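The chains referred to below are lettered A, B, ... by the order of the sequence lines, with proteins before strands, and numbering in each begins at 1. Source: prediction; values computed, not measured.
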Number of protein chains: 2
Amino acid sequence: MPGQLKWRHRFQAHVSRWTVPREVILDLLSRTSKHMSVKEIYASLYKMYPGIGLTTVYRTLDLLVRAGFINRFPSGDGQNRYEFKSNKKKEHHHHLVCIKCRKIIDYSDFVDEELELVKKTEEILAKKHSFNVLGHNIEFYGLCEKCK
Amino acid sequence: MPGQLKWRHRFQAHVSRWTVPREVILDLLSRTSKHMSVKEIYASLYKMYPGIGLTTVYRTLDLLVRAGFINRFPSGDGQNRYEFKSNKKKEHHHHLVCIKCRKIIDYSDFVDEELELVKKTEEILAKKHSFNVLGHNIEFYGLCEKCK
DNA sequence: TTACTAATGAATATGGTTATCATTATCATT
DNA sequence: AATGATAATGATAACCATATTCATTAGTAA
Ligand SMILES: [Mn+2]
Ligand SMILES: [Mn+2]
Ligand SMILES: [Zn+2]
Ligand SMILES: [Zn+2]
């Protein structure tokens, strides 16, 4: 089953209609490893599909976040960035964030060791603060190769 | 040496004049354990000091971040939140964030164990990606006692 | 005190995101 | 294939957090 079609089915569990904007946005994010801003996503789509509306980009991204297809995170410069969320558990990763150019580097080194500690921490914290832990964000920030 | 005076000295290494807005903002943040938004800070100050301007609150918070007195972090709801940064190394902590009411809980359990791993990870990542690591953010998100 | 000018705050601008609403396009039904 | 109900779109305007402008105020060295 080709990717598009598989997504279409997964997606239609959440919304009723499969549309061109939804297809091209999902397609773009699934093909890139970048952590794109709305501006970047819109600019990229506009080339191939000049009719697309900025509003729809926002709405669709929101939808995709709620449906669990993508992650959203504040970029520190006032905008959000989005990344395709792989459904493979293997591809869980954390971030290295440049505070100057806002570039985000994925890494998965030590994830096993980290995850063990993270899991343990989650359990204790959940009990101690009566908190229902749903996930975590771990990032290192600093200056990337170009910016330092 | 009382707190105010000590801050005044530390602060004046960064700016030339000690003013009422700077004093009350620094004082407020140093006394609370909350992670306050600008709106909350402004509202709180306005009671005691109705003349204060929102612009000055923004400017002063910016100054305090640059001077290393406070931390700023995006709250996930489009606003930033601020917390007083203790100069005691001991009080380094991470966050438990409620995705519903945006409450932030500090925790420092496992920080020693975490920090060891974190430090090791920092070194490897720095080498591997030619990245100058300046710090880290670790947070667990989920639902707090009231919201779950 | 005075003079210099950093800092303030009211007003305005900016920029990312959201709401409104008339129009369009999807898709189940025929 | 054509129809019709309505979900989705996109242009426009609103919203809201934050930044900028600039005339006025106030901290500080002299
Ligand atoms: Mn990533
Ligand atoms: Mn904190
Ligand atoms: Zn960079
Ligand atoms: Zn909560």
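Rounded to a whole Å, the CD atom of B:Gln79 is 17 Å from the P atom of D:dC15. Going from atom CD1 of B:Ile52 over to atom P of C:dA7 covers 15 Å, rounded to whole Å. The interatomic distance linking A:Asn80 (CG) with C:dT18 (C1') rounds to 13 Å, in whole Å. In this structure, A:Tyr49 places its OH atom 13 Å from P of C:dT24, rounding to the nearest Å. Atom pair B:Arg59:CZ and D:dT21:P shows a separation of 12 Å (rounding to whole Å applied). Here D:dC16 presents its P atom at 16 Å from OH of A:Tyr58, a figure rounded to the nearest Å. Rounded to whole Å, atom P of C:dA7 lies 13 Å from atom CD1 of B:Ile25. Put simply, CG on B:Leu63 is 13 Å from P on D:dA19, counting in whole angstrom units.
Of all heavy-atom pairs spanning B:Cys98 and B:Cys144, the tightest one is SG-N, 3.5 Å.
In this structure, B:Ser16 reaches the C:dA7 phosphate: one of its side-chain N or O atoms is under 4.0 Å from OP1 or OP2. OP1 or OP2 of D:dT28 has at least one side-chain nitrogen or oxygen of B:Arg8 nearer than 4.0 Å. The side chain of B:Tyr42 contributes no N or O atom lying less than 4.0 Å from OP1 or OP2 of D:dA17. Dashed line: the shortest gap from a side-chain N or O of B:Thr56 to OP1 or OP2 of C:dG9 is under 4.0 Å. At the phosphate of D:dG27, neither OP1 nor OP2 sits under 4.0 Å from any side-chain N or O atom of B:Gln12.
B:Lys100 places no side-chain N or O within donor-acceptor distance of the main-chain N or O of B:Lys146, the cut-off being under 3.5 Å. Using modelled atom types, one side-chain atom of B:Arg22 and one backbone atom of B:Arg17 make a donor-acceptor pair closer than 3.5 Å.
Projected onto DNA chain C by closest heavy-atom contact, B:Val57 and B:Arg17 fall at different nucleotides, the more 5' of which corresponds to B:Arg17. Along DNA chain D, the nucleotide nearest to B:Asp62 and the one nearest to B:Thr19 differ in position, and the one closer to the 5' end is contacted by B:Asp62. Taking the nucleotide of DNA chain D with the nearest heavy atom to each of B:Leu54 and A:Arg22, the more 5' of the two is matched to A:Arg22.
The shortest side-chain heavy-atom distance between A:Leu125 and B:Phe140 falls under the 4.5 Å cut-off. By the 4.5 Å heavy-atom criterion applied to side chains, B:Tyr107 and B:Ile138 are counted as neighbours.
Residue B:Thr55 has its side chain nearest to C:dA11 when only C:dA11, D:dA17, D:dA8 are considered.
Among the protein residues, A:Tyr46 comes within range of no part of the nucleic acid, since none of its heavy atoms lies under 4.0 Å from any strand.
Shown here are the side-chain hydrogen bond (donor to acceptor under 3.5 Å, both in side chains) partners of A:Glu145, two or more places apart in sequence or in another chain: there are none.
Electrostatic pairing of A:Glu40 and A:Lys34 does not count as a salt bridge here, judged by no charged N lying under 4.0 Å from a carboxylate O.
When the local axes at the two ends of the helix from C:dT1-D:dA30 to C:dT30-D:dA1 are compared, using 5 base pairs at each end, they differ in direction by 40° after rounding to 10°.
Among the candidates B:Thr32, B:Ile41, B:Asn71, B:Ile25, the single residue satisfying the side chain to side chain contact (heavy atoms under 4.5 Å, CB included) test with B:Tyr82 is B:Ile41.
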